[in-house]
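Reckoned from all heavy atoms, side chains included, excluding hydrogens, waters and symmetry mates. One-based numbering along the sequence shown. Start at 1 and go down the list; that is how both ligands and their atoms are numbered.
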Amino acid sequence: MYKVIDGKALAENLRSDLKKKISEYKYKYGEDIGLAVVLVGNNPASQVYVRNKIKACEEVGVKSYAYYLPEETSQNELEDLLHSLAEDKNIHGILVQLPLPKHLNAESALKIIPFEKDVDGFSAENVGKLSQNAQCLVACTPNGVMKMLESENISVRGKKAVVIGRSDIVGKPMAMLLLNADATVTVCHSKTQNLKEECLQADILVAAVGKAKFVTADMVKQGAVVIDVGMNRDENGKLCGDVDFDAVKEKCSYITPVPKGVGPMTITMLMYNTYIAALRSRS
Ligand code: GUN
């Protein structure tokens, strides 16, 4: 028997808890917690993500500052905005929605965000601190996955974890969090040989590939915990993950669905990071 981990319900619980904490913060300090969200251009997926982030701010009581910049924004214009947000005492978190239009240099722009306000956890400081298992702001999606495991009391310690995908946003920080939690971690990617055999070793299998139904039942060990970070469309245009859910679920002890799995946790962890950034700005 398998259990489906309900990311939507967990996210709602965490947000209501966060809402209370944020209201206590506002009472204590007499000021709002501020998150700046910067979107350049008209990427439709990015527009949806940004809208959802702003909605989540309203829900938990974070004051959002949305900057919608036109596609033709220059590097200087973007960087000037980021410099002013970096200095603004009312802004505790800064998020630049990725990808940026092709003519812009994301690396150079993101470097302007002070690591204390880097609520995406993308900066070299935060990534470095994560690898040292030190206090930092952790990338939202992998942080959300860890919260999902904790919520089900799934012990990671000493387990074999396999992460498929090595992106800076998900795969690498996911592997580091699992390692920090004492798992034995393997990171697989497009050049990995014997992918199926590697995956079959996993007590905990995290799929962050970006390919619909990439993980099939023959790749999953009986009793494994399967976490699906994917967000794809299948051949009928229906939202689906990186895992072939219907076939794989029978082999799992736990599995996350798409939608209503990891997705709702990501934005919740963004709210959490913004709260943490505000708290740390006071200490
Ligand atoms: N684009 C896709 N995922 C993300 C994310 O987690 N943060 C930002 N800033 N942009 C993204």
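The protein non-hydrogen atom at the shortest distance from atom 9 (N) of ligand 1 is Asp120 OD2, 2.6 Å. Atom 11 (C) of ligand 1 has its closest protein heavy atom at Gln97 NE2, 3.3 Å. Of all protein heavy atoms, the one lying nearest to atom 10 (N) of ligand 1 is Leu98 N, 3.0 Å.
Salt bridge annotation for Asp6-Lys260: absent, with no cationic side-chain nitrogen under 4.0 angstrom from a carboxylate oxygen. A salt bridge does not link Lys213 to Asp242: none of the charged nitrogens lies less than 4.0 Å from a carboxylate oxygen. Between Asp234 and Lys238 there is no salt bridge, since no side-chain N of the basic residue sits under 4.0 Å from a carboxylate O of the acidic one.
In this structure, Ser123 contributes its side chain and Asn126 its backbone to a donor-acceptor pair below 3.5 Å.
Residue contact check: Val96 has heavy atoms under 4.0 Å from atoms 8 (C), 9 (N) of ligand 1.
Within the structure, ligand 1 has Phe122 among the residues with a heavy atom less than 4.0 angstrom away.
Remark: the Gln201 side chain and the Glu197 side chain contain no N/O donor-acceptor pair separated by less than 3.5 Å.
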